[in-house]
Number of protein chains: 2
Amino acid sequence: MKATTRISKEERRREIIEAATREFAVGGLHGTPVDAIAKQVGVSQPYLFQLFGTKKDLFIATVHRTFERTVAVFRTAAADAGEDASQADILMSMGVAYGNLLDDRSLLRMQMQAYAACGDEEIRDVVRDEMLRLVSFVQSASGAPEAAIREWLAYGMLMNVVAVMDLTKVDADWARIMCPVNGTEIVAMAIDAVGKAERTQAKAQKK
Amino acid sequence: MKATTRISKEERRREIIEAATREFAVGGLHGTPVDAIAKQVGVSQPYLFQLFGTKKDLFIATVHRTFERTVAVFRTAAADAGEDASQADILMSMGVAYGNLLDDRSLLRMQMQAYAACGDEEIRDVVRDEMLRLVSFVQSASGAPEAAIREWLAYGMLMNVVAVMDLTKVDADWARIMCPVNGTEIVAMAIDAVGKAERTQAKAQKK
DNA sequence: CGTCTTTGTGACTTAGTAATCACTTACTTT
DNA sequence: AAAGTAAGTGATTACTAAGTCACAAAGACG
């Protein structure tokens, strides 16, 4: 197999992480053979080990990339909200963007895999670190008070679970409790969530 | 190895599921050898296959048990709230009980493993089904409006992530955003969450 | 005490898979 | 074109782990 054109280490690394996201998303760290990732990229399996050292290291690199992409989406959303956007506007914009991001089930599932792998100390440390970055960014970008951010995060986590179960595809009363708008994308939930956060925030500012 | 005393199939099944919860919690479906579970129970590995058929089936049984335990805790908490408890009182009682339940990291991590394994269709169906039972119970036991339950669930999901990362052990500003009371148990968060839910509910009832 | 049912096991098969190593092939530079 | 460097692979090792099967031993019961 030498149909592959040669590209730089860094490029290849990026390609591999993209593929790894898709594969790890389904099987998790232990359920995904490195072979499968290599095959998807069209590169030999030993090369992955040369580039990443260990399967776990590749997993960690993938976790990093996952959170990085999320923060990037938040950054864009915050910028799109405009200069004179209120704190609530910014949270709203980021919430909607996150809802759209969840359409990429690979990214979402990869995030769940990261949480699930927190039984491993090394991975837990990485996940904490990534979460630190994410929360810090949201805080500084929105300027919203802690309580509002917490609530916004809480709804985000609910959205994760809704998305991972593909609840939007379930047409049942109970499903609508978790995800008010069935059959549609989760974005609507984000809007609803930010609406609440806004009220919380208004209260906090009155004090 | 015949130190084991013989007990009924059903008893043994229960023992195995307990051990499986602990093991699967760390390694997930694919990262956990059936051997490890068998060893913990003090029973031979082939016997597990005789009792459960497949590793995946054992995993599914464990998922079932995990949610069952959670609902049981909610049931007790709802009963403990007393006859003339308000809807908010009941949600509060269940929230606090859930916070305490999360001290059992095995149960919590097992729950995350269940979500993470939703890439598998069969497991996803099971998880949906368990979630249906859970949400339905909370709804009927509390009688609270949908929006209040949704918010209560959202904070529950946030608590999950806080617990899985062991954030209560992290003494940093950003950690306090996700988990206001650092160094202490997550219960305080539950109380805070239900406080919010109560307000939401009050609003809904004014309409 | 003998036999029947149920719980349980030792030994094996089969297949996959993380990691390594010696080696090759393409591209770059002088 | 020769020499050097960087990207990439075939073949193999050493091990793990799911699932099977024929068989054993405990208790129940007349």
Side-chain angles (χ1 to χ4, degrees), chain A residues 1-63 113 116-117 119-120 122-123, chain B residues 1-63 113 116-117 119-120 122-123:
Chain A
M1 218 192 270
K2 49 197 63 172
T4 325
T5 43
R6 287 162 71 112
I7 58 179
S8 80
K9 251 183 164 129
E10 283 66 37
E11 277 284 318
R12 198 60 93 185
R13 233 190 278 257
R14 248 169 273 154
E15 278 191 14
I16 290 169
I17 290 176
E18 295 302 313
T21 303
R22 289 188 288 272
E23 293 294 317
F24 281 139
V26 176
L29 170 56
H30 298 289
T32 307
V34 178
D35 269 1
I37 300 167
K39 232 165 248 165
Q40 216 182 95
V41 179
V43 113
S44 76
Q45 174 259 27
Y47 195 38
L48 297 215
F49 285 93
Q50 188 178 313
L51 291 180
F52 293 93
T54 295
K55 189 193 189 183
K56 192 167 152 185
D57 287 340
L58 171 55
F59 184 81
I60 287 174
T62 307
V63 169
Q113 297 295 352
D120 179 292
E122 196 186 344
I123 294 175
Chain B
M1 216 193 271
K2 50 197 61 172
T4 326
T5 42
R6 286 163 67 113
I7 58 180
S8 79
K9 251 180 164 135
E10 283 67 36
E11 277 286 318
R12 200 56 94 184
R13 234 189 277 255
R14 247 168 274 155
E15 277 191 13
I16 292 170
I17 289 175
E18 295 303 313
T21 302
R22 289 186 291 272
E23 294 294 318
F24 280 139
V26 176
L29 169 57
H30 298 289
T32 308
V34 178
D35 268 359
I37 300 167
K39 231 165 246 164
Q40 217 184 93
V41 179
V43 111
S44 76
Q45 173 258 29
Y47 196 35
L48 297 215
F49 284 94
Q50 188 176 313
L51 292 181
F52 292 92
T54 293
K55 190 194 190 183
K56 191 165 153 186
D57 287 341
L58 170 55
F59 185 81
I60 286 174
T62 308
V63 170
Q113 296 295 355
D120 179 292
E122 194 184 346
I123 294 175

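In the text below, chain A, chain B and the rest are named by the order of the sequence lines, each starting its count at 1.
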* B:Asp57 CG - D:dA18 P separation (whole Å) -> 14 Å

* Could you state the interatomic distance from CG (A:Asp57) to CZ (A:Phe52), rounded to the nearest 0.5 Å? -> 9.5 Å

* Is any side-chain heavy atom of A:Leu58 closer than 4.5 Å to a side-chain heavy atom of A:Phe24? -> yes

* A:Gln45 side-chain proximity, nearest of D:dA7, C:dT7, C:dT20 -> C:dT20

* Which whole-number value in Å describes the distance from B:Lys39 NZ to D:dA17 C1'? -> 11 Å

* Nucleotide of C:dA26, D:dT9, C:dT7 approaching A:Arg6 most closely (side-chain heavy atoms) -> C:dA26

* To do: Please determine, for the side chain of B:Phe49, which listed nucleotide (D:dA11, D:dT20, C:dT17) has the closest atom?
  => D:dT20

* Asked: Taking atom P of D:dG19 as reference, at what distance in whole Å does atom NE2 of B:His30 sit?
  -> 11 Å

* **Positive for side chain to side chain contact (heavy atoms under 4.5 Å, CB included) with B:Val43, one of B:Leu51, B:Leu48, B:Ile37** => B:Leu48

* Structure fact -> Between CD1 of B:Ile37 and C1' of D:dT16 the distance, given in whole Å, is 15 Å

* Asked: When all nucleic acid strands are considered with a 4.0 Å heavy-atom cut-off, which category describes A:Pro46: base, sugar-phosphate, or nothing?
  -> base

* Are any of A:Arg12's side-chain N or O atoms less than 4.0 Å away from OP1 or OP2 of D:dA7? -> no

* **Separation of D:dA6 C1' from A:Glu10 CD (nearest whole Å)** => 11 Å

* Would you mind telling me which residue lines up with the more 5' stretch of DNA chain D, A:Ile7 or B:Gln50, judged by nearest nucleotide? => A:Ile7

* Check the distance between C:dT6's C1' and B:Arg13's CZ and give it to me in whole angstrom. => 13 Å

* d(OH, A:Tyr47; C1', C:dT20) in whole Å -> 17 Å

* **Sole residue of A:Gln40, A:Gln45, A:Glu23 in side chain to side chain contact (heavy atoms under 4.5 Å, CB included) with A:Asp35** => A:Gln45

* Quick one: do A:Arg12 and A:Lys9 satisfy side chain to side chain contact (heavy atoms under 4.5 Å, CB included)? Show the steps, please. => CA-CA 5 Å; A:Arg12 198 60 93 185; A:Lys9 251 183 164 129; 5.8 Å; no

* Find the distance B:Leu51:CG to D:dT20:C1' and express it as a whole number of Å. => 15 Å

